[in-house]
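I have placed the structure first, in the form of structure tokens, so that the comments after it can refer back to it.
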Amino acid sequence: MQKIDFDSTYFNPRDVLECGQIFRFEPFKEGYKVFTTDKACYVYTDGKKTVIESEHPDYFHEFFDLGREYAAINQKIKGFNVPVLTRACELGKGIRLLNQDAEEMIFSFIISQNNNIPRIKGIISRICKELGEKREFAGEEYYTFPTAARLAQKDAAFYKSLGAGYRDAFIVETAKRISAEGIDRLKELDAPSLKKELLSYHGVGPKVADCVCLFGFHKSASFPVDTWIEKIYREDFGGTLKDRNKINAYFTEIFGEYSGLVQQYLFYCKRENL
């Protein structure tokens with residue numbers, strides 16, 4: 001096991017993990033165990049340091065976006081001089097945007113639609129247990145996230161039995177398509193083209209597409225709009241638009257390349273009632 005020490009000022013594990021961008025994590029000792037694809041780590045805060053323990057330090061250095069200078073980005077976002085956002089930048093400055101596996105994110109956010117986080121985590125956990133490979137980390141078992149090819153071997157009834165509900169068919173059809181086509185071609189697309197292409201997948205709507213763009217393909221100008229963001233738009237920005245696509249355009253036109261992190265700051269503070 002190897003360790004990475006990082007200044008905790010702009011890396012708070014709880015804020016990063018509890019902000020809706022990842023579902024495969026659980027409390028462990030003084031922090032959390034985090035799972036992604038076939039890898040695991042233990043992340044926690046020790047005084048002024050955030051520590052990552054893993055057998056894959058290089059992977060998790062990239063996963064937690066430790067090569068990016070968030071202090072400068074945070075100051076840049078404060079420079080928009082939007083009071084609610086300036087406050088969110090300060091209170092949520094420990095948030096970082098995770099660099100997650102794109103394929104895993106496609107399925108995770110298909111499962112997430114019209115769902116709550118505990119239920120999403122349960123469905124994904126059951127899918128991993130049934131179709132993933134058993135591994136061990138920190139003396140305990142965990143299961144890897146299955147490949148699209150493995151997911152495509154099961155029918156809709158199987159996923160329904162694991163609690164996926166109406167999303168069962170979405171998982172099957174998308175798994176079959178990705179298994180046949182792969183997703184390498186998606187990685188070459190710019191953000192608008194990528195979102196358009198993601199919308200052609202069965203069960204992927206605008207909010208899911210934006211989440212996948214942001215958390216799976218690292219398109220930082222993406223701005224997912226959910227009920228929390230609608231609430232922020234109405235209550236804190238005085239907005240009157242009803243169409244989520246138009247609300248998305250409103251925010252991305254203002255915040256551009258910083259939209260994704262702005263969304264996370266605002267979402268965090270509103271949900272935490274800070």
Side-chain angles (χ1 to χ4, degrees), residues 12-28 31-36 43 88 91-92 94-98 100-101 103-132 142-143 145-146 151 156-172 174-175 198-199 201-216 222-236 242 244-245 247-248 251 260 263-274:
N12 182 309
R14 178 189 179 278
D15 294 349
V16 172
L17 300 173
E18 300 279 0
C19 214
Q21 58 179 318
I22 183 172
F23 305 110
R24 294 179 64 212
F25 66 93
E26 60 188 47
F28 180 69
Y32 299 87
K33 283 193 292 187
V34 179
F35 310 100
T36 172
V43 59
L91 295 173
I95 296 170
R96 307 182 76 84
L97 292 174
L98 299 176
Q100 300 183 77
D101 178 76
E103 189 172 300
E104 183 173 337
M105 289 301 95
I106 291 171
F107 292 107
S108 296
F109 281 99
I110 284 176
I111 291 166
S112 78
Q113 58 190 304
N114 298 316
N115 218 340
N116 60 64
I117 289 179
R119 192 161 180 269
I120 297 163
K121 293 176 72 171
I123 296 167
I124 294 173
S125 178
R126 290 189 289 275
I127 288 174
C128 290
K129 186 173 182 179
E130 291 293 328
L131 300 177
Y142 75 96
Y143 293 85
F145 194 91
L151 291 168
F158 171 80
Y159 294 107
K160 189 176 289 292
S161 74
L162 299 182
Y166 71 89
R167 307 162 197 83
D168 55 359
F170 301 162
I171 297 169
V172 172
T174 299
L198 287 170
L199 288 169
Y201 284 76
H202 200 45
V204 175
K207 186 254 184 176
V208 169
D210 280 318
C211 286
V212 174
C213 283
L214 182 59
F215 305 129
S222 303
F223 195 101
V225 177
D226 63 0
T227 55
W228 287 103
I229 294 299
E230 285 186 304
K231 186 177 177 68
I232 291 164
Y233 170 72
R234 291 192 306 270
E235 295 180 355
D236 300 302
K242 303 295 185 183
R244 285 189 174 185
N245 291 320
I247 295 172
N248 168 277
F251 282 113
Q263 193 266 6
Q264 287 286 280
Y265 285 149
L266 293 172
F267 175 88
Y268 167 80
C269 285
K270 181 63 75 172
R271 198 181 69 169
E272 296 287 322
N273 196 30
L274 298 175

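All values below were derived from every heavy atom in this structure, side-chain atoms included, with hydrogens, water molecules and symmetry-related copies excluded.
Listed by chain and residue number, nothing satisfies the salt bridge (Lys or Arg N to Asp or Glu O under 4.0 Å) test with D101 (two or more places apart in sequence, or in another chain). In this structure, the side-chain contact (heavy atoms from CB on, under 4.5 Å) partners of R24, at least two apart in sequence or on a different chain, are F35, E104, I124, C128, F145. Checked against side-chain contact (heavy atoms from CB on, under 4.5 Å), D15 has the following partners two or more places apart in sequence or in another chain: N12, I95, Y268. Taking R126 as the reference, nothing meets the salt bridge (Lys or Arg N to Asp or Glu O under 4.0 Å) condition, with sequence neighbours excluded. Residues meeting the side-chain contact (heavy atoms from CB on, under 4.5 Å) test with S222, sequence neighbours left out: D210, C213, L214, K219. Scored by the ring-ring contact (aromatic ring centres under 6.0 Å, His included) test, F109 finds F23, F215 as partners (sequence neighbours excluded). Not a single salt bridge (Lys or Arg N to Asp or Glu O under 4.0 Å) links K121 to another residue, sequence neighbours left out. Partners of F25 by ring-ring contact (aromatic ring centres under 6.0 Å, His included), not counting sequence neighbours, listed by chain and number: Y32. Qualifying salt bridge (Lys or Arg N to Asp or Glu O under 4.0 Å) partners for K129, counting only residues two or more places apart in sequence or in other chains: none. Every residue meeting the side-chain contact (heavy atoms from CB on, under 4.5 Å) condition with V225, not counting sequence neighbours, appears here in chain and number order: F223, I229, E230, R244, I247, N248. Every residue two or more places apart in sequence or in another chain was checked for a ring-ring contact (aromatic ring centres under 6.0 Å, His included) with Y143, and none qualifies.
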- Could you go through the side-chain contact (heavy atoms from CB on, under 4.5 Å) check for F170 and Q113 one step at a time? CA-CA 11 Å; F170 301 162; Q113 58 190 304; 3.7 Å; yes
- Task: Any chance you could lay out the side-chain contact (heavy atoms from CB on, under 4.5 Å) test for I22 and T36, step after step, and finish with the verdict?
- Result: CA-CA 9 Å; I22 183 172; T36 172; 5.7 Å; no
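Side-chain contact between E272 and L91 is absent, with no heavy-atom pair separated by less than 4.5 Å. You'll find the side chain of I127 reaches within 4.5 Å of the side chain of I111, heavy atoms only.
Interatomic distance, C19 SG to R14 CZ, rounded to the nearest 0.5 Å: 9.5 Å. Atoms CG and CD1, from L266 and I232 in turn, are 5.0 Å apart once rounded to the nearest 0.5 Å. To the nearest 0.5 angstrom, L151 atom CG is 10.0 Å from T174 atom OG1.
Between I171 and A164 the shortest heavy-atom distance is CD1-CB, 4.0 Å. Of all non-hydrogen atoms in L199 and G205, the two that sit nearest each other are CD2-C, 3.3 Å.
Applying the salt bridge (Lys or Arg N to Asp or Glu O under 4.0 Å) test to every pair with at least one member in residues 160-171, sequence neighbours left out, gives these pairs: K160-D168.
At distances below 3.5 Å, not a single donor-acceptor pair connects side-chain atoms of Q21 with backbone N or O atoms of Q100.
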